[in-house]
Structures are given as structure tokens and as C-alpha cells.
Amino acid sequence: MDFKLEIAKKISGMVDMELEKIIDLIEIPPQSNMGDYAFPCFQLARVMRKSPNMIAKELSEKIDKDLIVDKAEAAGGYLNFFINKSEYTKYIINDVLEKGSAYGRQIGNEDKTVLVEFSSPNIAKPFHVGHMFNTVIGSSIEKVFRHLGYKTERLNHIGDYGTQFGKLISAYKRWGNEEAIDKDPINELLKIYVKFHEEAEKDEELEKEGRMYFKHLEKNNPDSVAIWQKFKDLSLREFKKLYNLLNIEFDSYAGESFYSDKMPEIIDMLYAKNLLVDSEGAKIVDLSEFNLPPCLVIKSDGATIYVTRDLAAALYRKRAYDFYKNVYVVGGTQTLHFKQVFGTLKLMGFEWADDCEHVGTALIKFADKKLSTRKGDVIFAKEVIDEAIVKTTEIIENKNPNLKNKELVAKQIGIGAIIYTFLKNSRERDVVFSWEESLSFEGESGPYVQYGYVRGNSILNKAGTINENADLSVLNTEDEFNLVKLLGSFKDALKESAERYEPFVITRYVTDLAKAYNKFYNTHHILNAEEKVKDARLLLTKAVCNVFKISLGILGMETPESM
RNA sequence: GCACCUAUAGCUCAGCAGGAUAGAGCAACGGUUUCCUAAACCGUGUGCCGGGGGUUCGACUCCCUCUAGGUGCACCA
């Protein structure tokens, strides 16, 4: 039973307005003492030629008390509904417990596939905090859609193609040290890559050599391909260590090189549709009808460019997955690039271009130069994770030295703290990285939310078996009802998070849940309450823990058993 | 030069398909532990919502303009 819908039906029986429209208008009052749902009458005022206050007043008199609504009051043009708390409480808690881990799932999405491209690091380059930010956001977006019941595919569009790899092969042949590379592949490869650039300034031959090796690569020269493949394997091995720490998996690592042999077809199609225009020796697609600058598809030397690969990749994905949505979680600096790619696809006649979505992520910046220059001018993801775990371990030693599984819990909390910081605010707002902020353990933070779960979990464990048939009507305090309302609004949070591709909606939601549960916990006894109340509060706690687990899971955070 | 984004409390940020007194956390100060983990809870204060116009019964929210900051603008990805 959907209480909002039932209320909308009541209203629609009294006024001349579409049910859909009414549902749309119904809102939740800013203060709980004003009611649980509110219907603004301002729009009706025009057609009914009466003041909103009058309309609200008249409507309120026609609403009778029943199982849904306790009473309806008019207040300043709003018709405020106070729902039947006891019925609502029963309905929500039972719903959460019945659905279990599937609570919040939408039906009807089973056959729709949502592709989410995220992370996409370049091989042989360090994985820094910026990559981690994008990875954590992309992963959470995918989990939101998965929880809503969509089929999803996690795509890691690895950067493994381009002249840079010719240069790297050249550098490897000159200065590559097997042992060092095996020990610390990415840093060692980066080192010889940097050396290549230094040497190239003195010796022009090097640049030529680099381009030559890239040509070899393109022509599938076995020697060059083998070296490139080695770089790729080593890099992926390192990346996967991080993904493991973050509990993130991918369904595909098909990167740029994978699409290189799929470019000729897209180029042929562009020619066939007369979309390619000569401009300064290059081939471009005119996008003036979308008010966009032209899109360069083929360079003046005849070579392709990353736009070409993205076009080929999009078509490939449509054929391979027949996606419902094709989501690119990529830095916001590439907004124009994606507009051009989607615009070009549209001109090619692919209507599904409208199903492609660029979801921009913010830049991670550094305010404190000292910190950013630690190891060059980046901070590695691994450093941040290690630092967080160390800090958590210290706190555990300090607060709970007898804790079991300290190492595991330190990892769950430390990594959770970082993820929380990354998913706390809107994804497009630039982040000035600070250790203090990332490793925040107080107030609205990862550990705060996990602590809320741990408290509930601990109580459930102590209770042992709980009475599944407890009478929930004894839950009649305000603190309890606030929790119930939050449980009920989980679906709204999920929906909004998906519509906006914004994990922070879930972060805020679960933080509110933690606040409400902590307050409830502090104010009322659970195990020490009288039998009937205890049973009901245990069921409430169980439902809350279930939603904690689902929400934190969507964010990519773990739920420690204790902390 | 053109395009897009951002501007809300001392700091970091929510709120913006227009609506009821603009909200959190941090920081500051004060309080809570014979009681299920105090990584918790409670209380106190703060705002020309960047400036100026306009639309509207009503604007932090929509439109125009100015200012400040950021990003992008063809042969890197």
C-alpha cells in the first residue's frame, strides 16, 4: 500500500485535476508537526477562483479519518495530511523485512541493460586519487541501477592505445630493467617514460623511434605487441589490487586498442552519409546544427583520433549489449568531446545517441603544495588508502583495544571513510583534496554511519532470536516514527539518485538514517524495555539494519560486525 | 573572443521541474555515562542565498545583465 498514492486518490475524488498531477504536487512538509504529506492548493486557486486558503479549508472538512489518514488540516494554502501512524509503521516495517536485500527494487527493469563506463585508467601510469574518485562514483552509480533491478555492465575503458606506447616500447628497449619492472611495474615504467622525454629533448631520433614502434604496434609486429601486452598485463595486475581493496569488479576491460580495428567501418559509414568535410587537411563533421564546434574525426596525416574510437565503441556497444542507457562516467573536462560524439552519432541517424549520457566527475585539486609534491605532483590512491587504515588502526587501539578482527575492521572503516568523503557531495563540484577531510571520522562521515549499523547489529546479536510476530503498534514515539518514515523514503532516494546519476543522494539518505537511529538508540531502551516494546523495537532495528546494509552496499562501503 | 559550469553561515557543502520560519557537518561554547559500544546524544549563535534589474500571488530556485573564479574551444586522451 502506497500512502502517498492513497492520499492522492482521495484528493482526486474532490477536485478537477489529474491523479498524476496531484501525485506530482504532493510534498513533504518542512516540519513534521505540520503533517506527513502536504497538498499545495495554489494551482487550484486560479481555476476555482477561490483563495488557496479557502480551498484547503473546504477540502480538509471533507476528509474523514480512516486507516490511511488520521486527519487533514488546512494551513496557509496547504492541505496537510497526518497519516495513520500505526498502520504506516506496520506496513513499512513488514515491507522492509519481507523484501530483505531486495527492498527498494523496482519491477519492470529486468530486460533493460545499463552500461556504466568508469575508472578507465591509462596503462603504465600511476593510479592517483583522481582516478579513485571517478572509480568510486562510477561504481556506485552502477550499483544504484543494479539495485533498481536493471541489468548492468561495468566497463573499464582502459587507455592502452596511442603513440605514447610506441615511446614506452622504445624506452623499454633502451633502459628497461626486468627485475625493477616486475617489482614495481607502474613506477618503473613511468620512470623510463620520463627518461625518454628527457633524452628526446637532446636527441630527435628518439621521437622518430617512438613513432616507429607505434606503427609496429598498429601493424601487429609480434615483438612490439608482446612488449605492449606485457605493459598491459602488469598494469592491470596493479589496478586490480586496488579494485580488490575497494571491492570493485568489472565485466569488461575492453579499452581503446580493442576498438582500433572497429574504426574503418564507422569511417566508411561517415563517408557514405557524406558527413565528412575537408578542413585544413583534416576530416571533420559539421555540428553547427547542434551549436557545437566541428568534430575532428581524421587528422590531416590520415590517422584516427580518440573521437573516432569513441564513435566505434558506441556502435559496438549498441550491437553487443543493445543498451537502454550507455553511461560514461568520465571527467567533466570532456563534456564538449562527448557532446560532439553524441551529436555525430545523431547525424549518422542513430536514434540511440539520445540514450548515451556523459556523467561528469569533478577535478581533484591540491591546495597544500607540500602534500601534493610528496611523490611528484600527485597523490596515489594506494597512499590514501594505507593512510586511512593506519589512522583507523590507531583509533581502534585507543577506543576498543579488545576488538576482534582489528585488521579487517580497520580496512572496512578506513576505506569506508574515504569512499564516504568522495560520495558526500555532488560529483561535479571540484574537490580540494585534504588529508584531514578525506580521513574524517567525526560528524557526517563514513565511520559515523557504520557505527549506527554496528550499534543495531550488536543489539540484534545480543537479543538472539527475535519475535517476528511482535505487535508493532506499540511503536508510538516520535523517534520511532521518524525512523519508519526514513525507511519508507528509501525508494525516493534511490529514484532520485538514479535520475541524477548522483550517489550523494544515497549518502545523505543513509546519514539521515544513522542520525535518526543514533538518536533513537540514545533516547530509548531496546533490550531493557518491557517485553512487548522490546520485541517491536527489535523488529524496527532489524529493518533499519537491513536498509543500512543495502545503502552502504550501494555506496561501496562495508558493514563491520563491530567496531 | 566564444561556449559551458560555479558563487548559500567563519570553513566544507545540501536545498533550485518557484511555494509555508533557507538547512547539515566542521569549528566555538555548555551539558549527558550506576543504562543495549560516548567513533554517540542534547543545547547555544550565525546568513543583504555574489551585485543589479525583470517575470510571478509568491524567487536562493526561472529570464536578462554585471562581477569574481573554474573548465573547454580541432589534429593528445
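Because the structure is a prediction, the values reported are computed rather than measured. Heavy-atom basis, side chains included; hydrogens, waters and symmetry copies ignored. The chains referred to below are lettered A, B, ... by the order of the sequence lines, with proteins before strands, and numbering in each begins at 1.
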Return no unless some side-chain N or O of A:K462 is found under 4.0 Å from OP1 or OP2 of B:rU37. yes
Rounding to 0.5 Å, atoms OG (A:S140) and CE (A:M557) come to a distance of 10.5 Å
From CG of A:L403 over to C1' of B:rA39, roughly how many Å is that when rounded to an integer? 12 Å
The side chain of A:R455 is closest to which nucleotide in this list: B:rC36, B:rA20, B:rA40? B:rA40
Could you tell me whether the phosphate oxygens of B:rC76, OP1 or OP2, come under 4.0 Å of any side-chain nitrogen or oxygen in A:K299? yes
With no hydrogens and no angle check, is any side-chain donor or acceptor of A:S497 less than 3.5 Å from a backbone partner on A:A493? no
Rounded to the nearest Å, what distance is computed from the CG atom of residue A:N33 to the C1' atom of nucleotide B:rU21? 12 Å
Applying a 4.0 Å non-hydrogen cut-off, can you work out what A:H157 is touching in the nucleic acid: base, sugar-phosphate, or nothing? nothing
Which dot-bracket notation, 5' to 3', represents the base pairing of RNA chain B when pairs are defined as Watson-Crick or G-U with both distances under 3.5 Å, crossing pairs as [ ], and inter-strand pairs as |? (((((((..((((.....[...)))).(((((.......))))).....(((((..]....))))))))))))....
Return the value, rounded to whole Å, for the distance between atom CD of A:Q450 and atom P of B:rA39. 14 Å
Residue pair A:F342, A:Y328: steps toward the ring-ring contact (aromatic ring centres under 6.0 Å, His included) verdict: CA-CA 11 Å; A:F342 303 156; A:Y328 297 83; 5.7 Å; yes
Side-chain N or O of A:Y448 closer than 4.0 Å to phosphate OP1/OP2 of B:rC41: yes
For A:Y259 and A:Y316: C-alpha separation, side-chain torsions, deciding distance, then whether ring-ring contact (aromatic ring centres under 6.0 Å, His included) applies. CA-CA 8 Å; A:Y259 297 104; A:Y316 174 86; 5.6 Å; yes
Check ring-ring contact (aromatic ring centres under 6.0 Å, His included) between A:Y453 and all other residues, then give those that pass, not counting sequence neighbours. none
Between A:K346 and A:E289, is there a side-chain N and carboxylate O pair less than 4.0 Å apart? no
